[in-house]
K.L.:
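Pasting a structure below so you can have a look.
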Amino acid sequence: MKVLGLISGGKDSFYNLMQCVANGHSVIALGNLHPRPQDKKDELDSYMYQTVGHDVIHLYEECLQVPLYRQTIKGTPIEQGSDYVKTEMDETEDLYELLHTVKERHPDLQAVSVGAILSNYQRIRVENVCARLGLVALAYLWQRDQEELLHEMAQAGVNAVLIKIAAMGLKKQHLGQSIGDMFPHLCKMNQEFDLHICGEGGEYETITLDCPLFKKKIVVDESEIVIHSDDAFAQVAYLRFKQLHLEEKSEDDLDPSWMSDMNLDPVWEADSITLPIQDIVAAKLASNSTPETLTSGHYRTVSGGDPEDLYLSKYNAHSSPIVCAIGGTTAYDNLLVHGKKHMSIAEETTACLQNVQDKLAKIGLLWTEVVFMQVFVTNMSDFGVVNGAYKTFFGINPPPRACVGANLPAPSRVQVSCVAIRNNIKGAKPRQTLHVQGMSYWAPANIGPYSQATEYAHHAFIAGQIGMVPSTLDLPMPPSLPLETSWSLRNLLQIATNRHCDLVKRTSLCIAYVNNPNHFEAVTSSWSHITNKGKTAPLLAICVPSLPKGAQVEWQVMLHHGNVYAEKKAAAADENDGDDTDDDDIYQLEKRVLHPTTLTICHEPSGPTSVAWKSTTRSWFLAPLLSILSVVDVTNESLSSMFSSLVLADDELAPESAPQLVVLKDMMAMMIQAVDRVLDSHKSPKLGPGVEEGWKDVVGMTLYYQEALIGKDVKVLRKTFEDLLKEFLDPASSVAVTFVPVLAIAGNGALALTTHAVGKTPTIPGLLQQ
């Protein structure tokens, strides 16, 4: 891509520009923001821009021999929140004006290089401006380990000197010293005073005199030290340059071989965890045999479809004071469009989202309260068009989502369900959203209108992760399940770590989507490796027709951040004059409250089908949500042989008394009964309150069914399930129900049911003495 280098003069902006070039991008211009001449200040009180040393910036145009565009800083940091929206006279709008001018002069401009490392404030504002101008932010330093990064900069030939100091352990004599010379001292100050090694806390600023991109280098002839604050503990001082000149570089200094030495694949902690996954997946694929699932030859294809034949669910929403949900919704849920069959995919997506919005409004909710969405599309080639219509419903931070393919009952081509948590929860910490749009080595930027994660009410909801390489947003080529599985789990770990969530100990539910049932064993083994083969949350592996970008695996998880237990534990310890505990102790305490259960119910052969199956139900309570996963799998026959004599013609609809529907009704009844037993066990747990209201506390249920077993009988299936559910629900109760057709379910599964209920946060005093 053609890139504008947004420069402050500091080490970060130029090293990120080096990363851009090493990644194959070309620098066509530089951009800088500086104080107004009438301000007569060496440095402004800006939250966004480094302005100390601004009198050096004009030299960089000749150093790099590309045009330099400069913009005066007229605004101030007016909008200082964690998110940014266009605000008149805010200093961010000066950046917009600069980039807008550059884009007018260079219509082929595609991206902006930004040297952000830790500052969400800076990143969010640069990404906001880039999004408004159709540009991509390239932030290859984002979230990098600072000690490794600074050492890397110095080794790569970035000659940047300290131009300002403002931290304990830094003195005026350090001004003018290079980052290479200062590296040992900065590491020492990090150990003693927790100083940010790269100066991300404002401890120091730098000015770059030379780097491998420069055709000429800057030489300081004369300078002076200005003391801003002579504090005994943390002196504030800066370097003022009085005379500078440029010096030609030798041919050896201009050698482009520096690019081959650049670190384009930095190692993260998550990499060490996921590295063995490639071998695990490869070994499973090599030893894998075709699982006992229905193959394409057994599918009863469903084409055409009349909107009037679609089943409108009675259980389409759940409202509570805390967690709410909207069940599977299509464009045809609205009776005004129920008879319309020939809509474009854009019109259908808009109608679908409008129906979801109307359901949210009916229970007093806004889109900003939605924390996660599931989007199912019949044709993944419509992904771009669906996104175009989808994004019109959201503001700056759309909720995380998982988007997968599904052969929805015709004529529906888009189905959406969602979970929401009300904003007015007493005592809850502010909602936080992770919405990184810039390309980096950290984790993939979003490739659609969604955020990476939303955290609220002790839970983090993470967008579905596929195996994209973050620095390119491409899948590994040639296609490789081992690499995709490793990258997707690595990306998932990166986001969980950013939200301070433990993927191993605090996953409430994990769903692995694959596009081939032969991949079940590989992905389940990978999850087992990630979780150290411990007693972890339920995993549901299902096969779907397609995934975004042609991916082979996608992971969807809901996480509990655990702070509720840590906070209560610390408070109780303070009351008892005890000490705080570490995370492992907190987890041991949690396990007394989690009340994990596994319930297995077997069905012996009887009746005309003479088929045995079993229902395995696992539950996991991470307050305030109870997650339940129930899977029915056939035990003594393969699914294909089980229904081989029951397959109907494509245009034939089975009566409700058909043997396969009788079998499926029995299976669903068993699953619902298992959920009832789990709910009952959580009404009065031994340790603290649980899900006291039973079925009244159930928020949502999703039934995944093998489409080959159902064919055109979907309407009967849905009605039968809801009739069975009605036996357990109070007339005033409502549950958000979603039905999802899948190609296969791991473990010879015929049906899988996920259930979420809202409980109460367990109390900790009293547990401490047990």
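Everything numeric here is computed off the predicted structure, so don't read it as measured data.
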K.L.:
Under 4.0 Å between a Lys/Arg side-chain N and an Asp/Glu carboxylate O for Lys74 and Glu97?
P.N.:
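The answer is yes: the pair qualifies as a salt bridge.
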
K.L.:
Got a donor-acceptor contact below 3.5 angstrom from the Ser486 side chain to the Gln278 backbone?
P.N.:
no

K.L.:
Any side-chain donor-acceptor pair under 3.5 Å between Glu455 and Gln432?
P.N.:
no

K.L.:
Can you check whether Asp221's main-chain N or O pairs, donor with acceptor, with Gln243's side chain at less than 3.5 Å?
P.N.:
no

K.L.:
Let me see the working for Leu64 and Leu17 under side-chain contact (heavy atoms from CB on, under 4.5 Å), right down to the final yes or no.
P.N.:
CA-CA 11 Å; Leu64 275 80; Leu17 208 54; 3.9 Å; yes

K.L.:
If we count only N and O atoms by modelled type, under 3.5 Å, do the side chains of Ser178 and Asp181 hold a donor and an acceptor together?
P.N.:
yes

K.L.:
Could you check whether atom NZ of Lys188 has more than 12 heavy atoms from other residues, nucleotides or ligands sitting under 6.0 Å from it?
P.N.:
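Result for NZ/Lys188: open.
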
K.L.:
Can you measure from NE2 (His435) to CG (Asn128) and round to the nearest 0.5 angstrom?
P.N.:
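Here the interatomic distance stands at 10.5 Å.
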
K.L.:
Taking only Lys NZ, Arg NE, NH1 and NH2, and the carboxylate oxygens of Asp or Glu, determine whether Lys164 and Glu205 approach each other closer than 4.0 Å.
P.N.:
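Salt bridge: no.
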
K.L.:
For Pro482, is there any backbone N or O sitting under 3.5 Å from a side-chain donor or acceptor partner on Thr485?
P.N.:
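No.
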
K.L.:
Of all residues at least two apart in sequence or in a different chain, which pass the salt bridge (Lys or Arg N to Asp or Glu O under 4.0 Å) check with Glu152?
P.N.:
Arg144

K.L.:
Under a plain distance cut-off of 3.5 Å, with no hydrogens placed, do Thr92 and Asp90 share a side-chain donor-acceptor pair?
P.N.:
yes

K.L.:
How close do Thr87 and Val85 get, counting heavy atoms only, and between which atoms?
P.N.:
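For Thr87 and Val85, the tightest heavy-atom pair comes out as OG1-O, 2.8 Å.
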
K.L.:
State whether a side-chain donor-acceptor pair under 3.5 Å links His196 with Asn190.
P.N.:
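Checked: His196/Asn190 side chains show no N/O donor-acceptor pair below 3.5 Å.
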
K.L.:
Just by distance, do the side chain of Ser525 and the backbone of Ala522 share a donor-acceptor pair under 3.5 Å?
P.N.:
no

K.L.:
Aromatic ring centroids of Tyr390 and Tyr450 under 6.0 Å?
P.N.:
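Centroid separation for Tyr390 and Tyr450: 6.0 Å or greater.
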
K.L.:
What do you reckon, are the aromatic ring centroids of His106 and Tyr69 less than 6.0 Å apart?
P.N.:
yes

K.L.:
Report yes or no: does Ser480 contribute a side-chain atom to a donor-acceptor pair with the main-chain N or O of Leu483 at less than 3.5 Å?
P.N.:
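Confirmed, Ser480 side chain pairs with Leu483 backbone.
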
K.L.:
Would you mind checking if Asp55 and Arg240 are paired as a salt bridge, meaning a charged N to carboxylate O distance below 4.0 Å?
P.N.:
no

K.L.:
Would His228 and Tyr238 count as a close aromatic pair, with their ring centres under 6.0 Å?
P.N.:
no

K.L.:
Can you find a side-chain donor-acceptor pair between Tyr441 and Gln19 that sits under 3.5 Å?
P.N.:
yes

K.L.:
Can you name the one residue among Leu170, Thr206, Leu150 that meets side-chain contact (heavy atoms from CB on, under 4.5 Å) with Met182?
P.N.:
Leu170

K.L.:
Is it the case that the ring center of Tyr140 lies less than 6.0 angstrom away from the ring center of Tyr15?
P.N.:
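Not close enough - the centres of the two rings lie 6.0 Å or further apart.
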
K.L.:
Among side-chain atoms of Asn120 and Arg123, is any donor-acceptor pair under 3.5 angstrom?
P.N.:
yes

K.L.:
Using modelled atom types only, decide if a donor and an acceptor are shared between the side chain of Gln235 and the backbone of Lys172 within a distance under 3.5 Å.
P.N.:
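Checked: pair present.
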
K.L.:
Apply side-chain contact (heavy atoms from CB on, under 4.5 Å) to residues Glu127 and Val436 and explain how you reach the verdict.
P.N.:
CA-CA 8 Å; Glu127 289 178 350; Val436 179; 3.8 Å; yes

K.L.:
If we ignore hydrogens and angles and just use 3.5 Å, is the side chain of Thr531 paired with the main-chain N or O of Val504 as donor and acceptor?
P.N.:
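Between the backbone of Val504 and the side chain of Thr531 there is no qualifying donor-acceptor contact (under 3.5 Å).
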
K.L.:
I'd like to know if Glu93 pairs up with Arg132 as an ion pair, taking the criterion as any Lys NZ or Arg NE/NH1/NH2 lying under 4.0 Å from an Asp or Glu carboxylate oxygen.
P.N.:
yes

K.L.:
Quick one: does any side-chain atom of Gln465 pair with a main-chain N or O of Ala463 as donor and acceptor, under 3.5 Å?
P.N.:
yes

K.L.:
Indicate the atoms forming the closest heavy-atom contact of Ser13 with Ser113, along with that distance.
P.N.:
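That would be O-OG, 4.3 Å.
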
K.L.:
Donor-acceptor pair, distance only, cut-off 3.5 Å: does the side chain of Gln146 make one with the backbone of Cys198?
P.N.:
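Yes: the side chain of Gln146 pairs with the backbone of Cys198.
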
K.L.:
Do any N or O atoms from the side chain of Asp94 and from the backbone of Gly75 form a donor-acceptor pair under 3.5 angstrom?
P.N.:
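Indeed, once roles are kept as given, a pair shorter than 3.5 Å links the two residues.
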
